[in-house]
Amino acid sequence: WSTGTKQAGGEWLQIDFGSSVTINHVNLQQGDDIDDYPRSYAVIVSDTAKDLNATPKLTGNGKSGVSTAILLPALATGRYLLIKQTGSSLSWWSAEELEASCAE
């Protein structure tokens with residue numbers, strides 16, 4: 001997945017799990033371009049699709065050349081995982097793979 005354009009803030013990626021899940025960890029794996037990491041991000045877990053104005057469960061910054069590991073400070077329950085890119089860069093924001101760890 002890729003934005004296909006430079007990061008300006010406000011780009012987002014949403015995963016629909018199909019039903020409510022409880023999440024504690026997310027990992028965004030980078031592809032071959034080490035500069036396509038999210039400069040800043042906000043993580044939202046919600047039962048509402050495209051809930052861009054919800055209070056984030058966590059905010060943080062990505063790093064060049066490594067996967068973006070996101071450990072939520074508390075378990076979060078919802079149908080949708082939304083990651084909003086909030087920084088800016090001339091590079092795109094891309095994710096080769098997204099892993100979400102769900103609590104049982």
Side-chain angles (χ1 to χ4, degrees):
W1 173 86
S2 178
T3 58
T5 188
K6 64 183 178 180
Q7 298 177 50
E11 301 86 18
W12 54 274
L13 167 64
Q14 178 177 276
I15 303 299
D16 179 353
F17 291 103
S19 63
S20 190
V21 297
T22 301
I23 302 168
N24 59 3
H25 182 262
V26 177
N27 190 40
L28 291 174
Q29 294 184 6
Q30 285 184 255
D32 293 333
D33 192 333
I34 63 171
D35 289 326
D36 283 5
Y37 64 95
R39 296 315 191 260
S40 304
Y41 59 83
V43 177
I44 296 167
V45 179
S46 176
D47 284 319
T48 305
K50 301 177 187 174
D51 199 359
L52 295 167
N53 295 318
T55 302
K57 301 295 182 187
L58 177 76
T59 61
N61 300 305
K63 292 184 183 178
S64 178
V66 297
S67 296
T68 301
I70 302 167
L71 180 60
L72 299 177
L75 295 175
T77 301
R79 176 175 171 166
Y80 301 95
L81 166 65
L82 190 140
I83 302 173
K84 184 166 52 170
Q85 198 293 122
T86 59
S88 61
S89 171
L90 296 177
S91 295
W92 298 2
W93 173 33
S94 301
E96 185 169 292
E97 187 171 327
L98 183 144
E99 298 170 314
S101 297
C102 300
E104 293 185 26

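In what follows, every heavy atom counts, from backbone to side chain, and hydrogens, waters and symmetry copies are set aside.
If you take CG on Leu71 and CG on Asn27, they are separated by 11.0 Å, rounding to the nearest 0.5 Å. A distance of 6.5 Å separates CH2 of Trp93 from CG of Leu28, quoted to the nearest 0.5 Å.
Distance alone, capped at 3.5 Å, places no donor-acceptor pair between the Ser67 side chain and the Ala69 backbone. Glu99 places no side-chain N or O within donor-acceptor distance of the main-chain N or O of Ser101, the cut-off being under 3.5 Å.
If you chain together ILVMFWY residues whose side-chain heavy atoms come under 4.5 Å of each other, Val66 ends up in a group of its own. Here Leu52 is tied into one hydrophobic group with Trp12, Ile44, Leu82, each link being a pair of ILVMFWY side chains closer than 4.5 Å.
With sequence neighbours left out, the side chain to side chain donor-acceptor pair (under 3.5 Å) criterion links Ser89 to Arg39. Under the salt bridge (charged side-chain N to carboxylate O under 4.0 Å, His left out) criterion, Asp16 pairs with Arg79, sequence neighbours left out. Remark: Ser94 engages Ser2, Asp36, Trp92 in a side-chain contact (heavy atoms from CB on, under 4.5 Å) (not counting sequence neighbours). Every residue two or more places apart in sequence or in another chain that forms a side-chain contact (heavy atoms from CB on, under 4.5 Å) with Ala49 is listed here: Gln14, Tyr80. Checked against side-chain contact (heavy atoms from CB on, under 4.5 Å), Glu96 has no partners two or more places apart in sequence or in another chain. By the side chain to side chain donor-acceptor pair (under 3.5 Å) test, Ser20 pairs with no residue at all, sequence neighbours left out. Ala8 pairs by the side-chain contact (heavy atoms from CB on, under 4.5 Å) definition with Glu11, not counting sequence neighbours.
A chain of hydrophobic side-chain contacts below 4.5 Å, direct or via other Ile, Leu, Val, Met, Phe, Trp or Tyr residues, connects Ile70 to Phe17.
Listed here is the closest heavy atom pair of Gly78 and Asp47: CA-OD1, 3.4 Å. Nearest heavy-atom pair, Thr3 versus Thr5, reported as atom, atom and distance to 0.1 Å: OG1-O, 2.9 Å. Of all non-hydrogen atoms in Thr68 and Pro38, the two that sit nearest each other are OG1-CD, 3.8 Å. For the residue pair Ser64 and Asp35, the shortest heavy atom distance occurs at OG-OD1, 3.7 Å.
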Are Leu98 and Ile83 close enough, and set up right, to give a side chain to side chain contact (heavy atoms under 4.5 Å, CB included), and what steps lead you there? CA-CA 11 Å; Leu98 183 144; Ile83 302 173; 4.0 Å; yes
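Residues in residues 19-62 take part in no ring-ring contact (aromatic ring centres under 6.0 Å, His included) pair, two or more places apart or across chains. Every pair tested for salt bridge (Lys or Arg N to Asp or Glu O under 4.0 Å) that includes a residue from residues 17-31 fails, sequence neighbours excluded, so the list is empty.
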Do any side-chain atoms of residues 53-62 form donor-acceptor pairs under 3.5 angstrom with protein atoms, and if so which ones, sequence neighbours left out?
| unit_1 | atom_1 | unit_2 | atom_2 | d |
| --- | --- | --- | --- | --- |
| Asn61 | OD1 | Ser40 | OG | 3.1 |

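Side-chain atoms of Thr77 and Leu75, non-hydrogen and from C-beta on, never get closer than 4.5 Å to each other.
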